[in-house]
Every structure is written in C-alpha cells, then in structure tokens.
Amino acid sequence: MSLRQFEYALAVAEAGSVTAAAESLHVAQPSVSQQIRSLERDLGVTLFARTPTGLVPTAVGRAFLRDAEVAVRAARRARATARAGAEELDGELVVAAQMGLGTRQLPGALSALRRRFPRLEVTVFEEANPAELERLARRGVVDLGLMAGPCKEDLYTGHHLGDEEFVVVAGPEHAHLLAEERVGLRALEREPWIRFDHDSALDGVLREVLRDNGLAPATVARVSQTATAVRWAAHGLGVTLVPTSAVLPGFEHLTRPVSPAVTLPTIAAVRPDAGPAETALLEFLRQETWPHTGFSPSGPGRLLTTG
C-alpha cells in the first residue's frame with residue numbers, strides 16, 4: 001500500500017466515480033482504476049460498491065477511508081514541516097471554528113499567515129456541533145481549532161485567546177430596548193426568539209441562559225448560521241443572542257450586551273507537536289482583538305452569567 005493509493009481512494013469517495021476522481025487528480029482514468037484494484041487486492045476487501053448514482057464506499061471502505069484521510073493529512077504536514085526552513089512552507093493547514101467564534105478575527109490572522117507562507121493552502125470550515133468538531137479532532141483532520149472549550153488535553157493543547165461576550169440583536173422597532181446600555185434578560189421574556197440548530201453549541205448557550213433565568217419564550221425560527229440570525233433579527237422577525245464577533249458590520253447599532261452578562265472563553269486548540277504553520281497562526285490570533293467583559297471564567301468551556 002502507498003499514500004498515492006490512499007489519495008486515489010479518497011478522491012474516488014469524494015467524486016463518486018473513477019472518471020471524476022481522475023479529472024480532479026489530473027491523471028489518467030486507467031491509472032486510478034488500477035490503483036484502486038491493487039489496493040483492494042492488497043487489503044483483501046471491497047472498498048467501493050457500484051450503485052445507480054455512482055461508486056459509494058462499503059462499510060469496511062468507510063472505516064478504511066477514515067484512517068486513510070488521517071495518514072494523508074499527516075504526510076502532508078510532514079512534507080510542509082520539512083520544507084519550512086527556508087520560509088517556503090507549503091502543504092495544507094485545516095482550521096475548524098466552532099460556529100460564531102472568531103468571525104471577525106480569523107480573516108485578519110489568516111491573511112497574515114498567507115503573507116508569511118504564500119504557498120500554504122489553508123482550508124477553513126465552521127462547525128456548529130461541538131461533538132462533530134471533537135470527532136474530526138480525534139480523526140486527526142483538524143490542525144487548529146477555535147472552540148469554547150474544554151480542550152481535550154490528550155489531543156490538543158488549549159490556548160486562551162480571550163473571553164467572548166454575547167449580545168442580543170433586535171430590530172429597530174425595539175427602540176426601548178436599544179436605548180439601554182444593557183438589556184435585561186427579563187425584558188426579553190415575551191419576545192419571539194431566533195435560535196440555532198438543536199445540537200449546536202450556540203443553541204446550548206441559549207438553552208442555559210433561558211433556563212438559568214427562568215425564561216421559556218417562543219421560538220419563531222431556527223437557523224444554521226449566525227449571519228442569518230443577525231439579519232433576521234434586524235428585520236424584526238425576533239431577537240437572537242450571538243457572540244460579539246459574529247455581529248455583521250453595519251448591524252452593531254442593533255446590538256446590546258445583556259444583563260446578567262453572558263461570556264464564553266475562546267480557546268485555540270493546537271497539537272502539542274504543532275508545526276510552523278499552526279504556531280504562526282496561533283501567534284497571529286493572539287494579536288487580534290478578542291471582545292471581553294472583564295469577567296474571568298472559572299473554568300474552560302463553562303458558561304458564565306453574572307451581574
């Protein structure tokens with residue numbers, strides 16, 4: 001078995017056909033077919049099944065591909081590290097952010113990283129479900145993650161960047177609320193709420209806030225993106241609660257911090273054996289401004305509500 005075979009198998013799984021995989025890899029189709037057959041012969045299993053819609057991984061194929069992806073990414077990181085001495089770092093860096101965190105800070109940090117390492121390929125994705133983020137981390141897919149904690153110390157080392165304060169977003173018709181320096185949560189009891197997917201970390205925050213303050217307001221909508229929640233709240237559909245950095249430019253005048261205050265720590269999770277790309281990105285993230293209230297969370301990942 002070889003890493004090339006792993007890469008070919010991953011490409012076939014993503015594309016759904018040998019032809020499409022060959023096009024994405026810029027190689028001849030017979031070469032891909034031959035490598036997949038050779039890989040299956042060496043393993044003694046069938047990795048892909050033919051269906052009317054194309055090739056799909058078998059059960060054993062899915063298990064194999066999970067480990068193959070880890071191996072391929074590890075090899076890319078090793079190559080990148082080996083070439084880093086002359087500031088010619090290349091390869092791929094995968095960054096995952098818990099939805100709503102680092103919305104304003106990540107672009108600046110990533111731009112600085114690209115200026116330092118122009119040949120580096122960076123892939124960023126936003127993940128709403130913290131359990132899925134942890135699963136990706138355990139598979140070795142994520143090089144650096146932004147999360148509200150806690151950080152799994154056996155996998156990654158956590159670096160506290162700052163404390164993110166949450167703000168309520170309300171439409172212009174809520175002038176009486178927006179006239180206050182802070183909006184009391186009790187004042188929102190009768191308001192309809194724009195919430196997030198049930199298994200998302202953001203909805204988990206809101207559930208705790210509502211429970212701790214004895215509130216049970218109506219839910220008017222559930223969305224999967226903070227930008228959608230902010231826009232819909234600004235148009236008067238309901239109110240929502242989001243991290244400060246997730247507020248879109250131009251909507252700041254429709255936001256207010258709440259009382260009791262709601263904050264979460266922002267943690268950068270980095271591998272203990274981090275390479276030059278992860279180390280540089282962490283430093284650039286430290287240089288960004290992270291909104292905070294001055295309150296100190298008593299532990300990683302704990303929701304803090306205080307007056």
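Computed over heavy atoms, backbone and side chain alike; hydrogens, waters and symmetry mates excluded. Throughout, residue positions are numbered sequentially from 1 according to the sequence presented.
Under 4.0 Å is where a charged nitrogen must lie from a carboxylate oxygen, and between Glu92 and Arg119 no such pair does. Using a 4.0 Å cut-off between a side-chain N of Lys or Arg and a carboxylate O of Asp or Glu, Arg222 and Asp197 do not qualify as a salt bridge.
Distance check, rounded to the nearest 0.5 Å: CG of Leu161 to OG1 of Thr289 gives 12.0 Å.
The list of ring-ring contact (aromatic ring centres under 6.0 Å, His included) pairs with a residue in residues 254-273, not counting sequence neighbours, is empty.
Considering every non-hydrogen atom in both Leu93 and Glu278, the closest pair reads CD1-CG, 3.7 Å. Here the shortest heavy-atom pairing between Thr255 and Val169 reads CG2-CG2, 3.9 Å. Closest of all the heavy-atom pairs between Ala109 and Leu285 is CB-CD2, 3.7 Å. Across all their heavy atoms, Thr58 and Phe48 have their closest contact at CG2-C, 3.9 Å.
With hydrogens and angles ignored, the 3.5 Å screen pairs a side-chain donor or acceptor of Arg271 with a backbone N or O of Val142.
Using modelled atom types and a 3.5 Å distance limit, the side chains of Ser245 and Glu164 yield a donor-acceptor pair. Side chain to side chain, Thr244 and Glu165 fail the donor-acceptor criterion of an N or O pair below 3.5 Å. Thr46 and Glu40 share no side-chain donor-acceptor pair at under 3.5 Å.
With sequence neighbours excluded, the residues satisfying side-chain contact (heavy atoms from CB on, under 4.5 Å) with Arg115 are Ser111, Ala112. With sequence neighbours excluded, the residues that form a ring-ring contact (aromatic ring centres under 6.0 Å, His included) with Phe64 are Phe6.
Side-chain atoms of Met99 and Leu202, non-hydrogen and from C-beta on, do get closer than 4.5 Å to each other.
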For a side-chain contact (heavy atoms from CB on, under 4.5 Å) check, start with the C-alpha distance between Leu146 and Thr266, then their side-chain angles and the critical distance, and finish with the verdict. CA-CA 7 Å; Leu146 280 184; Thr266 302; 4.3 Å; yes

Before giving the answer on side-chain contact (heavy atoms from CB on, under 4.5 Å), spell out for Phe166 and Thr263 the whole-Å C-alpha distance, their side-chain angles and the decisive distance to 0.1 Å. CA-CA 6 Å; Phe166 281 66; Thr263 66; 6.0 Å; no

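Atom CD of Gln287 has more than 12 neighbouring heavy atoms from other residues, nucleotides or ligands inside a 6.0 Å radius. Atom CZ of Arg211 sits in a crowded spot, with more than 12 heavy atoms from other residues, nucleotides or ligands closer than 6.0 Å.
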